[in-house]
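Numbers restart at 1 for each chain; the letters A, B, ... are given by sequence-line order, proteins then strands.
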Amino acid sequence: MAGLARALYARVARLPYICPHGHTDPAWFADDAAFSDPASLLVVPDHYIFRMLVSQGVALEMLGIPRLDGGPVERDPRVIWRLFAAHYHLFAGTPTRLWLDYTFQNLFGLDRPLTADTAEEYFDRITACLATPEFRPRALFKRFGIEILATTEDALDPLTHHKAIAASGWPERVVTTYRPDAVLDPDHKGFAEALDRLGEMTGTNTGTWTGYLEAHRIRRAVFRAHGATATDHGLLRADTANLPPGEARQLFDRIRAGRAGVGDAALFRAQMLTEMAKMSVDDGMVMQIHPGSCRNHNRTVFRQFGRDKGFDIPMRTDYVQGLKPMLDAVGMAPGLTIILFTLDESTYTRELAPLAGAYPCLKLGPAWWFHDSPEGMLRFRRMTTETAGFYNTVGFNDDTRAFPSVPARHDLARRVDCRFLAELVSDHRLREAEAFDLAQLLSYDLPRWAYRFDG
Amino acid sequence: MAGLARALYARVARLPYICPHGHTDPAWFADDAAFSDPASLLVVPDHYIFRMLVSQGVALEMLGIPRLDGGPVERDPRVIWRLFAAHYHLFAGTPTRLWLDYTFQNLFGLDRPLTADTAEEYFDRITACLATPEFRPRALFKRFGIEILATTEDALDPLTHHKAIAASGWPERVVTTYRPDAVLDPDHKGFAEALDRLGEMTGTNTGTWTGYLEAHRIRRAVFRAHGATATDHGLLRADTANLPPGEARQLFDRIRAGRAGVGDAALFRAQMLTEMAKMSVDDGMVMQIHPGSCRNHNRTVFRQFGRDKGFDIPMRTDYVQGLKPMLDAVGMAPGLTIILFTLDESTYTRELAPLAGAYPCLKLGPAWWFHDSPEGMLRFRRMTTETAGFYNTVGFNDDTRAFPSVPARHDLARRVDCRFLAELVSDHRLREAEAFDLAQLLSYDLPRWAYRFDG
Amino acid sequence: MAGLARALYARVARLPYICPHGHTDPAWFADDAAFSDPASLLVVPDHYIFRMLVSQGVALEMLGIPRLDGGPVERDPRVIWRLFAAHYHLFAGTPTRLWLDYTFQNLFGLDRPLTADTAEEYFDRITACLATPEFRPRALFKRFGIEILATTEDALDPLTHHKAIAASGWPERVVTTYRPDAVLDPDHKGFAEALDRLGEMTGTNTGTWTGYLEAHRIRRAVFRAHGATATDHGLLRADTANLPPGEARQLFDRIRAGRAGVGDAALFRAQMLTEMAKMSVDDGMVMQIHPGSCRNHNRTVFRQFGRDKGFDIPMRTDYVQGLKPMLDAVGMAPGLTIILFTLDESTYTRELAPLAGAYPCLKLGPAWWFHDSPEGMLRFRRMTTETAGFYNTVGFNDDTRAFPSVPARHDLARRVDCRFLAELVSDHRLREAEAFDLAQLLSYDLPRWAYRFDG
């Protein structure tokens, strides 16, 4: 089995990377400035890393995470790096460790294990590399073999960097993704102002329900003009609603007038998922739904450091009742694609594979976030394939903020998929020739098809 | 380990098949008419197949599924077969693929993979086979080595075919199963008429609670006279109730009078599970509970094509609180057997194995429906054995509507069980001699015992 | 891989056992009296054993379990032993079987399988052994290589046996654990009297909220004086609350006055978990939370035989919302350790690993109860390591009432951990040298550190 897994991997290892969902910064490719130092590049922005260090008693201040009150935090990247290196053993058995070791070795040529003893050597080598032209963002993009990379921007983002990339004549393909969470969620801080701004940007009256919907249509078109083929929606729950038009309008009016009642905000979010799906039926944008994360669970950290500081904790998610109103509305609409993600693995066999294995619009996104790991990806395949097959999945998403880790993440996903395919062949559940075809499909074709990158 | 797995399998491969739960049509064995064609036999009735094709955009009409409005659907079995063959790659990695390949190979001698290119060859070969006496239902029954096969009939079914089988003198054992869902669920369409009909069939007054209960007792006895040893109950939830007799009667009266209040239908279903269990204490029928399927989730498909069209989606199920009222009433009753099934695998270790590993009346049915698959069966064994042991399980159910797949399904289950046993031996968790005994037990003895086929 | 697993195991097999959580009887070590017979030692007190026998129709009376009404039960240990031996095949594939076989073989030198045929030989051999000085509790403690063993006592326990152990000059380390369930839960039978008694023992006025809290502080100090480093809390749910002091006082007053309203008991339990956590911040005691068991599910057995008779069934548990109030209060408090256990494995990846992989106070207890088994421990490692790492876990707890099984349980845990580590190395997810370090860490260092046995 191990031999076949290696043969399958050899077939796909060098295929270009399709990166249809992630959080890299388009400014990197617009400006092509050098990355500054190892800590700022690899430690400070990576919540996988600082959450683990915090869990073992390291203060966020010592890792250079800015305080909201402007209080003192460590600013010396070498000091931060040393602290990180001294705690690197904590990552034994985690995907972070696999991604970083791959990056250290393949990108920076660092072969000795990272420890307190080798921290200086690592820091110096990486710093030296980053100063060279070969380590600028555009050079890395090409070296990594990325065929297409999607970033994710807020609905109100001016898309300045995407404009600059397009204007620069750089031939690589970096596209945006429409992420309207801040203008869909009445509980989002500054929601009213965001809607005002949305109106200004689109020349519509976002004081009315029809104007508000029209504003979304206009922004979606603008995003498409910057390469977007998809939208993305992050929510606590997978609840949807499909109100009669009059009720939806009244709901919007209550919220816009500051007269929202109990449950109105949740109902509005649910209704807007369905509205987004309907717009996708019209404009062909692929819809991604990422539910189930209880954000900023740690009140102390949230108050001192703000959002997204490693304390997002998954919650139980119900897709079966939650998605039904939306699916009743558009579930059989030709051409619609909705990609579902989950942090609740108990839904793989019980809800997601049965849904995706029946509704033509539904596809399963890859193992997400905490589950983007060898065990997580194996569980995903073992728990979804028998009911949904391979063709109702969409290949890999690296979903990363850490650009240098892109190859490491794709490489790991390809290895795990090849191992799974080899297991099936070994168990006489798949023919060997099929396994080679499927390895290519999962690594390259499915994400191109699912995200409509062929136009 | 692989060698031991094969040796274990060799020991059980040829044992007769015990089929205690399934949905084959007794008319086949009563009439013994030839099956008509490959599409009608293997594609049109199999929701596993058409759900997958629909998930990839194939219209149900093209698969010959009748529309409720009588609108046009494909009627040429060869055209349907070609369409199926062209999509056969979708089933890579699924149990459907394993069952069909086994059947193609072992029953029809078809060895080349099914693709668009081999579709005609397949169709012609299978069609030719089906026209021969060797492929009539009774001949297949014997050739398959089936020792006993239970079908499932509605409480109001006249059991005409079972009567005909008995009258025919055919020596094989085909029995019925009492499935009273339609006369237990007030939300079922035509419930009131069904109760009237139940009264007529049994000569009781189903306008009263006591008459209604008596009607069940009478029908259960009729079913037993046609070989039934078991009842079967499909519900959305595993909720039970045990009302005082007066309250139960009042509940029944409200429902019968069309004055059911909020929650009355659910409470009645819950109460009736307990009533069925009490009758099982009296008459010795094994009770099967299949909860947790949200039926007909797709509104569009339900409206156009009706029930059971591949859009039954599992839901979270609570057995611990749900079953408690029933278990408080009959949980320690001597001789009672209740077999529990689940679509919610998170309940295996948390709820079902602890319940079955303690209550003498509870046994665990095999991995069901979406989980009737290699990974699903392995998860079942790995997650239930350590707490419930093997003796609180009941062997395999093929649960099939597709008669030709019976051997394929049993064979797969036996292979997976043998592999699991071999793993235990290899890990020094079981002695080799025990593994051979257990292989026989799981393949043959347990279903005979659990379903009381020895009388 | 198997070779490396054996090499890792060889490294740790002989390390002393750290037993930070369990339910052995301190009287054994205080009195050092001989154990009486095989049935009383191994069968009658072990709910794993009698639940399985009951599930197959054996009456609790026949196993010598005392009836509450004093009715007749079997009293002859040899008869009980024979019955047990005749049913020993039921345990195939269960951890009970592995623990017992290990004990029979390594402690009593019994190599032939236990069956009805060998029952007498087993009984005689074990009885003879138990009569010798080498099988007295203190001798076994030393022979087993236990370095430290924690028992668990009720808050009102006079700790007589721990006092006696200390006074005896015996050099081994047996410590207590503070388990205040009976004085934290208003629904506990005799709660009011228990609080009166708590007041008497501590010289405080437990009629007032402040007096009640002070009584806890005093008892915790007394337990610490008898070696306790930890508290333990068993509850149905993981719900916590953090009421303003005035509201907490009023809640206590209502409960103490017998005027508790709907939800007050649950709220009080939730509040008291937070109070216990706050006390742990002050006094350094490690807090253990064991939620999610629906105790005494079987009404018939509970009425006839009382508590803890094998019918405790796990339930779904929510940690994310449940623990938030407590974590908002003390989640970042320096030095606090809270060890979480679960019976709901669906929470491993979704809730527990993300929580423990972020909050500095949270650690994951080992696979608990039904999951203290080879498959259960592998699932624990596979589902928690990638997010929480190894260092947010605490090694093994034997959690046993069956003293002779202590080595069997630790040995099994060490084997499974070594196998998991070997898998990681084989998959290139861990370096071999690290695996040896981690094997030692998981077997010995982590429980010492987590439970603060180094002082």
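Summarising the geometry, atom OH belonging to Tyr319(C) is positioned 14.5 Å from atom CE belonging to Met315(A); distances are rounded to the nearest 0.5 Å. Here CZ of Arg415(A) is found 8.0 Å from NE2 of His428(C). Values are rounded to the nearest 0.5 Å. Between Glu386(C) atom CD and Met377(A) atom CE the span is 8.0 Å, to the nearest 0.5 Å.
Of all residues in residues 106-119 of chain A, those placing a non-hydrogen atom less than 4.5 angstrom from a non-hydrogen atom of chain C are Pro113(A). Within residues 330-338 of chain C, the residues approaching chain A closer than 4.5 Å by heavy atoms are, in numerical order, Met332(C). Heavy-atom neighbours of chain C within the stretch residues 303-310 of chain A, taken at a separation under 4.5 angstrom, comprise Gly310(A). Contacts between residues 340-354 of chain A and chain C, defined by a heavy-atom separation under 4.5 Å, are made by Leu343(A), Asp344(A), Glu345(A), Ser346(A).
Of the atoms belonging to Phe370(A), heavy atoms from both backbone and side chain fall under 4.5 Å from chain C. For Leu438(C), the part sitting under 4.5 Å from any heavy atom of chain A is the side chain, from C-beta outward, and nothing else. Using a 4.5 Å cut-off between heavy atoms, Leu355(C) contacts chain A through both its backbone and its side chain. With a 4.5 Å cut-off on non-hydrogen atoms, Ala356(C) touches chain A through its backbone but not through its side chain.
Between Arg419(A) and Asp427(C), the closest side-chain pair of non-hydrogen atoms falls below 4.5 Å. Contact of the Glu375(A) side chain with the Arg429(C) side chain is registered, since non-hydrogen atoms from C-beta on lie closer than 4.5 Å. Counting heavy atoms from C-beta on, the side chains of His89(A) and Leu441(C) never come closer than 4.5 Å. Using a 4.5 Å heavy-atom threshold, the side chains of Leu327(C) and Arg299(A) count as separate.
Residue with the most contacts toward chain C among Phe302(A), Phe91(A), Phe311(A), Tyr48(A): Phe311(A) (heavy-atom pairs, distance under 4.5 Å). Ranked by heavy-atom pairs under 4.5 Å with chain C, the first of Ile313(A), Leu53(A), Leu378(A) is Ile313(A). Each of Thr385(C), Asn392(C), Leu424(C) has some count of heavy-atom pairs under 4.5 Å with chain A, and the biggest count is that of Asn392(C). The most heavy-atom pairs under 4.5 Å with chain C, out of Asn298(A), Leu90(A), Thr94(A), Leu98(A), come from Asn298(A). No other option in Gln56(A), His47(A), His297(A) has as many heavy-atom pairs under 4.5 Å with chain C as His297(A).
Counting heavy-atom neighbours within 6.0 Å of Met62(A) CE, excluding the residue itself, gives a total of 12 or less.
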